[in-house]
Every structure is written in structure tokens, then in C-alpha cells.
Amino acid sequence: MTLERLEVGLPDGRAARAETENRRPDPRDGMAAVLASHPGYSWVWTDEIRCQGKECGASLEIPLLNSTPLVAHAAFVHHQEKYLQQSLTLSRAVS
């Protein structure tokens with residue numbers, strides 16, 4: 001067996017890395033999906049916001065004494081991150 005023949009049969013280091021990277025889930029794709037399914041929120045009451053996602057509609061409680069737009073935004077970002085983590089966990093299990 002010649003060296004040339006071995007090179008054809010074995011994957012190049014760069015090609016193997018690219019193949020491995022293609023199998024990994026891309027967080028940007030997951031975040032795009034989360035942003036599409038959880039686009040925003042609206043205030044329901046002074047201590048509650050609701051996700052405007054068509055299939056979600058989750059009610060998120062905001063501390064009554066600290067119900068500011070900044071706290072509401074942080075609660076909603078945490079809500080989105082939870083779904084992003086689920087998305088990435090599922091896509092890793094499928095790969």
C-alpha cells in the first residue's frame with residue numbers, strides 16, 4: 001500500500017474537524033428559533049408579564065415591589081434562555 005492510497009482512505013484533519021463541527025448544534029440557529037417562537041412580552045398586571053409566543057403564552061411573575069421594565073426584561077430573557085437550553089439539549093440528543 002502506498003502513502004497516497006492511505007491519504008485517500010483517511011480523513012484529513014481539517015475535514016474531520018469540519019465534519020464534527022457540522023454535527024454540533026449551532027446556538028445561533030437555536031436562538032433564532034427561540035426569538036421566533038417567543039418574540040416579546042406584554043404587561044398583564046403590575047406584577048405579571050405574559051409571553052406573546054403563539055404556542056407559549058407563559059405567565060411570568062415579577063416581584064411586586066420591584067416591577068420595573070428592567071426587571072421584566074430580565075425575567076423574559078431568562079424565559080427565552082430556558083427554551084434555548086432545551087432546544088440545544090434536544091438537538092444534541094438527536095445528533
Side-chain angles (χ1 to χ4, degrees):
M1 207 181 266
T2 66
L3 184 59
E4 294 172 51
R5 200 164 182 172
L6 285 174
E7 288 177 352
V8 170
L10 296 175
D12 182 13
R14 288 173 289 173
R17 250 191 324 271
E19 182 180 320
T20 303
E21 289 173 358
N22 287 339
R23 281 189 264 143
R24 288 188 201 141
D26 188 359
R28 292 173 294 195
D29 293 341
M31 193 60 198
V34 168
L35 291 174
S37 61
H38 304 272
Y41 64 91
S42 58
W43 286 91
V44 176
W45 197 245
T46 57
D47 63 343
E48 180 184 1
I49 59 173
R50 183 155 299 153
C51 179
Q52 293 176 341
K54 290 180 182 177
E55 296 178 8
C56 183
S59 176
L60 308 169
E61 290 187 21
I62 308 297
L64 185 60
L65 297 176
N66 200 12
S67 62
T68 63
L70 186 62
V71 173
H73 181 71
F76 185 68
V77 167
H78 178 71
H79 171 72
Q80 288 177 320
E81 287 173 349
K82 181 177 76 171
Y83 283 94
L84 175 62
Q85 190 61 41
Q86 286 178 355
S87 169
L88 293 176
T89 302
L90 287 174
S91 61
R92 281 189 195 123
V94 172
S95 310

Sequence neighbours left out, cut at 3.5 Å: what donor-acceptor pairs do the side chains of residues 33-44 make with other protein atoms?
| from | atom 1 | to | atom 2 | distance (Å) |
| --- | --- | --- | --- | --- |
| Ser37 | OG | Ala33 | O | 3.0 |
| Ser37 | OG | Val34 | O | 3.4 |
| His38 | ND1 | His79 | NE2 | 3.3 |

Exercise. Listed by chain and number, what are the side chain to side chain contact (heavy atoms under 4.5 Å, CB included) partners of Pro69, not counting sequence neighbours?
Worked result: none

Exercise. Could you give the distance from CG (Leu88) to CD (Glu81), rounded to the nearest 0.5 Å?
Worked result: 11.5 Å

Problem set entry | Distance in Å, Ile62 CD1 paired with Asn66 CG, rounded so as to fall on 0.5 Å steps | 9.0 Å

Seminar exercise, completed: Val71 and Pro63 have their tightest heavy-atom pair at CG1-CD, 4.1 Å

Problem set entry | Separation of Leu60 CG from His78 NE2 (nearest 0.5 Å) | 9.0 Å

Problem set entry | Where at least one partner belongs to residues 47-57, residue pairs that pass side chain to side chain donor-acceptor pair (under 3.5 Å), sequence neighbours excluded | Glu48-Arg50, Glu48-Ser59

For this session: Mark yes or no for whether Thr89, through its side chain, and Gln85, through its backbone, hold a donor-acceptor pair below 3.5 Å.
Result: yes

Exercise. Does some side-chain heavy atom of Tyr83 sit less than 4.5 Å from a side-chain heavy atom of Cys56?
Worked result: yes

